[in-house]
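In what follows, a structure is listed as structure tokens, so that the remarks can point back to it.
Every value quoted in this text rests on a predicted model; they were computed, and no experiment measured them.
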Amino acid sequence: MTSYAETHPLQRTRWGRYRHSLWLLTTRDLKVRYSTSALGYVWSVLDPLVMAGIYWFVFTQVFDRSVGQVPYIVFLLSALLPWMWFNGAVSDSTRAFLKDAKLVRSTMIPRTIWVNRIVLSKGIEFLLSLPVLALFAIVFGAQVSWALVLFPLGIVIQAVLTAGVCLIVAPLVVFFRDLERAVKLVLRFLFYASPVIYGTADLPEGFQFWAAFNPLSGVFSLYRAGFFPRELNWFDIGMSAVMSLVLLAIGLWVFRRSERQVLKEI
């Protein structure tokens, strides 16, 4: 039976109201995004599929591929799909406050919700794209190992990492508008600096240690381990978990320190 608190938002706890509002804003974003597009959900997987197809063609048909593992298309997608979550959330967070300035000023719910709704909506799109990864794994005969059970851990660490970065970026862009373009440039660089089209094991020995300080390395290691057990690197995973928590703590600190000034600026 549904409780009174569940049917009457004002009777919920503060955390309950936050979760309710977060879900409403997230579903609103997804509905708007899909309702205004003829292809709807297809767009959430079409972009990474096209990118994966290009890289697959270049590294398997044009050049003699010396990175990654076979089947390479599964190797690509297992990192490219979560990269699209991270990239999309961080990019959209640059407009988190500017896009809905009136609502941000007028509502009394914690303002972190305007960032977390972006992280959640992009995360849902990532989850909706996973059947595509499963389909390619089946078609190309990828072997499944026990490490597939670690996939949810990758989602948790990436959610913490993405939220932390977005909480840093969102308020700073309000003060420094050029930061929006700078973030796009950094993300473009980070794509090639992260093990998306290659694995950390493909790097020269001197770079493998430093690659662990990119928190995406451990995250991608968790996603790939279910199909490619050799990609499981606990040092990278541990570094990713620690750095994600540190970035989340920094993000919350930056957000709280700048929140009042952000409301004045927008």
Side-chain angles (χ1 to χ4, degrees), residues 22 25-34 36-37 39-52 54-55 76-77 79-101 103-104 111-130 154-155 157-197 214-217 219-220 223 240 243-244 247-248 250-252 254-255 258 262 265-266:
L22 176 61
L25 288 170
T26 301
T27 52
R28 185 202 69 168
D29 284 354
L30 292 171
K31 287 177 181 177
V32 169
R33 191 173 303 145
Y34 290 149
T36 56
S37 170
L39 293 178
Y41 159 71
V42 176
W43 285 114
S44 66
V45 295
L46 190 59
D47 190 20
L49 276 179
V50 170
M51 289 181 64
I54 292 171
Y55 286 117
L76 268 176
L77 284 173
L80 196 56
L81 292 176
W83 165 259
M84 298 301 290
W85 173 15
F86 179 81
N87 180 74
V90 175
S91 295
D92 286 2
S93 71
T94 60
R95 306 287 301 173
F97 295 126
L98 302 175
K99 184 179 178 181
D100 295 304
L103 279 174
V104 174
R111 270 78 186 195
T112 55
I113 201 169
W114 300 100
V115 175
N116 289 333
R117 60 152 185 162
I118 295 173
V119 177
L120 182 57
S121 65
K122 293 297 181 181
I124 291 173
E125 288 185 348
F126 165 65
L127 293 177
L128 291 175
S129 70
L130 291 182
I155 294 175
I157 295 177
Q158 183 171 353
V160 172
L161 168 66
T162 308
V165 174
C166 291
L167 286 169
I168 296 171
V169 170
L172 293 182
V173 170
V174 175
F175 307 122
F176 310 103
R177 299 299 172 89
D178 288 342
L179 190 59
E180 183 177 350
R181 294 186 177 183
V183 166
K184 288 180 170 56
L185 288 176
V186 171
L187 286 172
R188 194 174 302 171
F189 166 79
L190 189 60
F191 174 80
Y192 293 101
S194 301
V196 179
I197 58 179
N214 177 350
L216 289 172
S217 296
V219 172
F220 294 162
Y223 290 136
S240 291
M243 292 188 67
S244 296
L247 285 169
L248 179 62
I250 294 173
L252 289 170
V254 169
F255 196 93
S258 60
V262 164
E265 290 289 331
I266 61 176

Looking only at heavy atoms, which two atoms of V196 and F191 are closest? And how far apart?
CG1-CE1, 3.7 Å
Taking only residues two or more places apart in sequence, or in another chain, which ones meet L190 in a side chain to side chain contact (heavy atoms under 4.5 Å, CB included)?
W83, F86, S194, N214, L216
Is it the case that the side chain of S129 and the backbone of F126 share a donor-acceptor pair, with hydrogens and angles ignored and the cut-off at 3.5 Å?
yes
Minimal heavy-atom distance between P215 and M243, with the atoms involved, is CD-CE, 4.0 Å
What are the two closest heavy atoms between S244 and V160, and how far apart are they?
O-CG1, 3.6 Å
Is the shortest side-chain heavy-atom distance between L128 and I124 below 4.5 Å?
yes
Roughly how far apart are L22 CG and T27 OG1, rounded to 0.5 Å?
9.5 Å
Test of understanding: with side chain to side chain donor-acceptor pair (under 3.5 Å), list the residues that count as partners of T112, not counting sequence neighbours.
Y18
Given the rule in the side-chain contact (heavy atoms from CB on, under 4.5 Å) test, do V262 and F255 qualify, once you have shown the distances and angles that lead to the verdict?
CA-CA 9 Å; V262 164; F255 196 93; over 6 Å; no
Any side-chain heavy atom of F220 within less than 4.5 Å of one from L80?
no
Can you list, pair by pair, the side-chain donor-acceptor contacts under 3.5 Å of residues 161-187, counting residues two or more places apart and other chains?
residue	atom	partner	partner atom	Å
T162	OG1	Q158	O	2.7
R177	NE	V174	O	3.1

Please determine whether side-chain contact (heavy atoms from CB on, under 4.5 Å) holds for the pair L81 and W85, giving the CA-CA distance in whole Å, both sets of side-chain angles, and the decisive distance to 0.1 Å.
CA-CA 7 Å; L81 292 176; W85 173 15; over 6 Å; no
To the nearest 0.5 angstrom, please state how far the CD1 atom of I155 sits from the CG atom of L127.
5.0 Å
Would you check if R117 and R28 make a side-chain contact, meaning some heavy-atom pair closer than 4.5 Å?
yes
Work out which heavy atom in A79 is nearest to a heavy atom in P195; give both atom names and the distance.
CB-O, 3.9 Å
For a quick test of reading the model, state the closest non-hydrogen atom pair linking V90 to S93 and the distance between them.
O-OG, 2.6 Å
